[in-house]
Structures are given as structure tokens and as C-alpha cells.
Amino acid sequence: MAGWVNPLLDSRDKRLPRIAGPCGVVIFGVTGDLSRKKLMPAIYDLANRGLLPPGFALVGFARRDWADENFAELVHDAVRDHARTPFREEVWARLSEGVRFVPGSFDDDASFDDLAAVVADLDEQRGTGGNHAFYLAIPPATFPVVLKQLARTGLAARNSDQWRRVVIEKPFGHDLHSACELNEIVNDVFPEESVFRIDHYLGKETVQNILALRFANQLYEPIWNSNYVDHVQITMAEDIGLAGRAGYYDGIGAARDVIQNHLLQLLALTAMEEPLSFSPGSLRGEKIKALSAVKLAEPLDETTARGQYTAGWQGGTKVVGVLEEKGINPESTTETFAAITLNVDTRRWAGVPFFLRTGKRLGRRVTEVAVIFKRAPHLPFETTMTEELGQNALVIRIQPDEGVTIRFGSKVPGTAMEVRDVTMDFRYGTAFTESSPEAYERLLLDVLLGEPSLFPVNAEVELSWKILDPVLEHWAKQDRPEPYAAGTWGPPSADRMIAAAGRTWRRP
Ligand code: BG6
């Protein structure tokens with residue numbers, strides 16, 4: 001029983017959040033949206049919750065002629081505008097003491113020498129102990145040059161009692177081949193255990209709740225298989241358009257932007273077997289097994305759909321079509337809606353289709369995993385009494401209105417045996433008093449703690465591309481994506497796709 005710890009005698013209470021040890025974060029891409037809206041606010045929120053070490057340091061690197069104070073002002077404004085927790089002067093004052101800025105461009109050796117000097121100074125002045133995370137919030141095309149600089153200046157290297165980690169944001173390549181190349185470039189400089197790939201969906205409480213719901217209960221797991229489940233629908237619908245991100249989105253599209261990562265991760269968590277434990281190896285191992293069993297349903301003409309939004313109405317406002325958005329190529333064939341049909345070839349899931357869809361400018365913002373059950377084998381009711389009866393469903397509402405809904409048939413009050421669908425709801429907002437941390441808060445803290453469970457490994461990224469590549473190649477040979485009006489639920493081909501499989505989409 002070597003290594004076994006009796007949980008009753010283990011003095012560390014696992015419910016208490018762990019506090020990061022001495023460390024600092026260097027962010028590349030500080031002027032971008034991600035840094036301002038997510039990363040800087042998350043760092044402040046962690047500081048506010050007392051989860052950062054006292055000497056924590058935040059270094060920004062960008063092509064701006066700024067001093068530390070100018071960068072601190074940017075961080076201050078970002079925190080003021082976007083932090084989840086209330087702004088407190090004393091927290092900000094402490095945090096801002098560790099804020100530094102290094103001006104420079106990625107191909108300029110001298111700026112990276114300056115960065116190395118600043119990092120060394122921080123170890124002296126702030127006691128960051130040689131522990132640093134490098135956050136690449138920059139386009140992937142610039143990863144190689146930055147990684148090379150980190151290697152050249154020794155910033156990627158560490159002594160045995162220190163750590164150096166690199167955090168990378170998707171897209172991890174644009175197909176399997178480029179993802180493998182990218183992984184090689186990253187692993188040339190940082191060993192795999194020091195690479196943290198962000199899929200921010202894994203940082204969401206409600207996504208982690210898929211594991212709690214499935215594996216902390218006796219109720220669901222016995223029916224979580226093809227004996228009882230008819231099919232699964234995973235939807236990530238957004239009401240926003242390109243939101244000023246045409247430069248990133250054009251040429252990428254809905255499948256690469258969202259299905260390759262967020263939706264396939266949701267599928268993996270829904271379909272995987274119970275991990276031996278929640279250790280990083282076990283959890284990722286089960287996700288890898290699930291993704292390895294995923295097969296595209298064919299023919300792709302019938303089992304996939306893609307679309308592009310045209311002008312329409314959203315929440316009472318007239319909005320333009322994607323081809324009229326600022327910064328987009330007016331001839332662009334980039335899809336803003338994508339749907340695919342997958343099978344998971346395991347004993348548990350044989351014959352259960354998984355339908356994945358995502359799109360911009362859809363009817364409303366909602367992300368959910370809906371497990372739709374088979375109909376009861378026999379209904380001893382007159383048909384007129386039960387015609388409204390749908391299939392039982394368990395819906396994990398990832399956002400907004402986070403929670404879980406169960407749909408089942410219930411007797412309508414009255415003398416007749418009339419049955420109608422009702423829902424039973426669990427809502428995070430009412431069941432718990434504390435608000436959920438933002439995904440980036442959780443993930444940044446995990447980077448600083450060196451806790452890798454919620455970060456996809458190389459193998460997951462590559463398997464996801466293996467699943468998606470044939471769809472992308474198929475679409476590349478087709479005409480334009482099918483138009484759909486903003487504010488609707490996507491192109492007619494998406495309805496045809498699921499109808500061909502004898503099912504219909506939920507209208508969340
Ligand atoms: C990002 C995509 O990963 O997720 C965006 O690049 C998308 O296009 C965003 O808008 C949605 O995230 P969330 O957390 O609002 O669902």
C-alpha cells in the first residue's frame with residue numbers, strides 16, 4: 001500500500017483552494033482582447049481571493065513605447081471593467097507593485113535580453129523564486145519566434161527547484177499536420193509537462209459538473225449507455241456575430257474555432273468511461289480513449305452542415321450579415337455555423353449518434369449537452385392522451401442559467417389520465433450562494449500550481465483534428481456555405497442533417 005494516504009488522516013482539507021507559491025506571469029499579447037477581458041481580470045480576481053503569493057509579478061511584453069506605469073494603467077482599466085469580484089484599492093495597490101513592462105518586438109534579441117533581466121530582477125526584488133509562466137496570448141504564427149527567444153535567453157530553462165511553464169491558446173494548428181508541427185516546435189523548448197494548452201471550456205464549473213453528475217451519483221450512470229440513450233445533442237449557440245474579431249475568424253470558421261476544441265471536449269467528458277481517479281493521467285487517459293473511438297458518420301453531404309449568417313434581427317436590433325462585417329473578405333467562404341454527426345464506437349455507445357452544432361448569430365446564447373433517452377417501450381395510455389409526450393431528456397446547461405434540467409412525462413391534473421412533458425430544474429444560482437469563478441481564474445491558478453488535469457494534452461489535440469480533418473477537406477471542395485438569417489437557428493441543411501437521422505434539434 002505504499003503511497004496510499006488515508007483520506008481521513010490526510011490533514012490537508014481538499015475543499016480549501018490552494019494558494020500559488022512564489023511566482024510570476026509574463027504575458028505576450030497584452031494589448032489584445034483576451035488579455036484585457038479575461039487574463040488581467042482573472043489575475044486580479046485571484047489576488048482578491050487571496051490565492052496569489054504576496055510577491056506575485058505580472059510582466060507585459062508588447063510593441064509599445066510604455067513604462068511600467070502605462071502598462072499598470074492598462075491593467076487597472078481592464079480590471080475595473082471586467083473583473084468578477086469587487087474592485088478593492090488595497091488589493092490593487094499590492095498587485096500593481098509587481099507590474100512590469102518590457103517594450104519590444106518578437107524578433108528583437110535586445111528586448112528579450114531586457115525581459116530576461118526584468119525576470120531576474122523580480123526574483124531578487126519580489127521573491128518570485130525563478131518560477132515563471134509565459135502566456136502566449138498571440139497568434140500561433142508568432143509562437144515559433146517567441147519560443148526561440150525564450151530558449152535563447154535561457155528563460156525557458158530552470159534549476160531543479162524552480163519551474164518554467166508555457167501557456168498556449170488555441171487554435172492549436174489548423175489541421176492535424178500543422179498541429180503536429182506546432183507541438184514539435186513547442187516541445188523543442190518546453191517539455192510536455194510544462195506545456196499548458198488552454199481550452200477555457202474545461203475551466204467552466206458547469207463543464208466540470210459533467211464529471212460530478214456522472215460519477216458522484218448512482219442515478220445516472222446505469223442508464224448512461226445505448227440501452228437507454230437514443231442520442232446526444234451538444235449545442236454551443238452564440239447570439240453575437242464576429243464581435244470585431246474578423247481578423248482571427250476569417251479563414252478559421254466555426255468548426256475549427258469551437259468544434260475542434262470545446263465541443264469535442266464536451267463530447268469526451270460525456271462519453272468517456274469512469275476514470276480511476278481525477279489524477280491528470282487518469283482523466284486525460286479516459287478522454288483520449290473516448291476521442292479515439294469517435295468516428296464521423298457518413299456520407300458527409302448528409303451528416304454535416306455549414307452556414308453563413310446573413311442580415312437579420314437579433315433581440316430587436318437589425319444586424320448585418322457576416323460578409324458585411326468590418327474586416328472580413330466580402331467573398332469569404334468561412335462558415336459561421338457548423339454541425340456534424342459522430343458515432344462513438346464502443347460497447348457503451350454503439351448506435352447512439354452524437355450531434356454537435358455551433359454557430360454565431362443564432363436565436364440565443366446557450367451551451368448545453370442534452371442526453372435524449374429512448375421512448376418507453378410501451379405506453380398504456382390512449383394516444384390522444386399522450387401525443388404531446390416527448391422523449392425523456394437530461395440537459396446539462398453549461399451557460400447561461402447554469403444547471404441541469406430533467407424532462408419527463410407527468411400526469412396533467414384532472415380526471416383523465418393525460419400525460420404531458422414537465423421539467424425538473426437544478427439551478428446553480430439558487431442552489432449555491434457563491435458565484436462560480438471565471439474559467440480563466442481557475443485555469444490560471446492551475447497553471448501556477450502546476451495542476452495539469454484541465455489542460456488537453458498533445459494527443460487530445462491531435463485526435464480532435466483527426467476527427468475534423470475529413471469534414472474540413474470535404475467542405476473545401478464544396479460551394480459556399482448555406483446562408484441563414486441572423487437570429488434563426490442555422491441553415492436548413494442542419495435540420496435536414498438531423499432529420500435524415502430521424503431526430504430533431506432541440507430549440508433551447
Ligand atoms: C472562444 C471562441 O473560444 O469561445 C469564440 O474563439 C467564442 O469565437 C468563445 O465566442 C465563446 O466563449 P464563451 O465562454 O462565451 O462560451
Side-chain angles (χ1 to χ4, degrees), residues 29 32-39 41-42 45 82 84 135-140 167-174 196-210 234-267 269 306-309 314 319 322 325-328 332 334-339 356-369 396-403 428 435-444 454-456 460-461 464-465 468 486 490 508:
D33 256 18
L34 177 72
S35 294
R36 284 185 303 106
K37 293 190 181 152
K38 301 288 182 192
L39 305 184
D45 287 325
H82 301 291
R84 178 178 66 90
Y135 202 121
L136 309 194
I138 49 178
V167 188
I168 55 179
E169 278 281 343
K170 69 175 183 67
F172 310 123
H174 55 91
F196 289 70
R197 297 176 185 79
I198 296 259
D199 182 320
H200 79 281
Y201 263 61
L202 294 179
K204 290 184 192 270
E205 291 278 323
T206 40
V207 172
Q208 292 159 36
N209 191 41
I210 298 175
I234 302 181
T235 299
M236 177 185 162
E238 296 189 276
D239 52 5
I240 54 169
L242 295 196
R245 293 166 74 227
Y248 157 79
Y249 200 85
D250 198 3
I252 289 203
R256 288 187 173 94
D257 183 37
V258 161
I259 294 184
Q260 188 272 339
N261 37 77
H262 308 329
L263 297 199
L264 284 175
Q265 285 290 326
L266 290 178
L267 178 145
L269 294 172
R306 63 178 183 144
Q308 259 187 348
Y309 66 83
Q314 198 116 45
V319 296
V322 68
E325 295 265 17
K326 209 166 132 217
I328 198 130
S332 174
T334 299
E335 81 281 356
T336 59
F337 176 98
L356 275 50
R357 65 174 162 169
T358 182
K360 301 229 178 249
R361 287 272 186 242
L362 296 185
R364 85 185 178 86
R365 174 172 181 253
V366 59
T367 301
E368 61 170 42
V369 176
I396 302 168
R397 302 193 310 271
I398 308 290
Q399 65 188 26
D401 188 22
E402 292 80 357
Y428 265 85
S435 72
S436 298
E438 277 281 321
Y440 276 96
E441 241 172 286
R442 167 69 197 260
L443 294 176
L444 264 167
L454 296 178
F455 299 85
E460 290 168 80
V461 172
S464 302
W465 282 119
L468 208 57

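When a ligand or atom number is given, it counts from 1 through the structure's own listing order. Along the sequence shown, the residues carry numbers beginning at 1.
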Item checked: Partner residues of Tyr428 under the ring-ring contact (aromatic ring centres under 6.0 Å, His included) criterion, sequence neighbours left out -> Phe426, Phe432

Note to self: For Asp239, give me all partners under side-chain contact (heavy atoms from CB on, under 4.5 Å), at least two apart in sequence or on another chain.
What the structure shows: Gln314, Arg365

Notebook entry, point to check: Mind checking what makes ring-ring contact (aromatic ring centres under 6.0 Å, His included) contact with Tyr309, not counting sequence neighbours?
Noted result: none

Check ligand 1 for N or O atoms under 3.5 Å from a protein N or O and list each pair with its distance.
from     : atom 1 : to     : atom 2 : distance (Å)
ligand 1 : 3 (O)  : Lys170 : NZ     : 3.1
ligand 1 : 3 (O)  : His262 : NE2    : 2.7
ligand 1 : 6 (O)  : Lys170 : NZ     : 2.9
ligand 1 : 6 (O)  : Arg245 : NH2    : 3.0
ligand 1 : 6 (O)  : Asp257 : OD1    : 2.6
ligand 1 : 6 (O)  : Asp257 : OD2    : 3.3
ligand 1 : 8 (O)  : Arg245 : NH1    : 2.9
ligand 1 : 8 (O)  : Asp257 : OD2    : 2.6
ligand 1 : 8 (O)  : Lys360 : NZ     : 2.8
ligand 1 : 10 (O) : Glu238 : OE1    : 3.3
ligand 1 : 10 (O) : Glu238 : OE2    : 2.5
ligand 1 : 10 (O) : Lys360 : NZ     : 3.1
ligand 1 : 12 (O) : His200 : NE2    : 3.2
ligand 1 : 14 (O) : His200 : NE2    : 2.8
ligand 1 : 14 (O) : Lys204 : NZ     : 2.6
ligand 1 : 16 (O) : Tyr201 : OH     : 2.5
ligand 1 : 16 (O) : Gln399 : NE2    : 2.6

Notebook entry, point to check: Between Lys360 and Glu238, is there a side-chain N and carboxylate O pair less than 4.0 Å apart?
Noted result: yes

Check: Which pair of non-hydrogen atoms, one from Arg306 and one from Glu335, has the smallest distance, and what is that distance?
Finding: CB-CB, 3.9 Å

Check: Hey, what's the ring geometry for Phe196 with Phe455, parallel, tilted or perpendicular (30° and 60° as the breaks)?
Finding: perpendicular

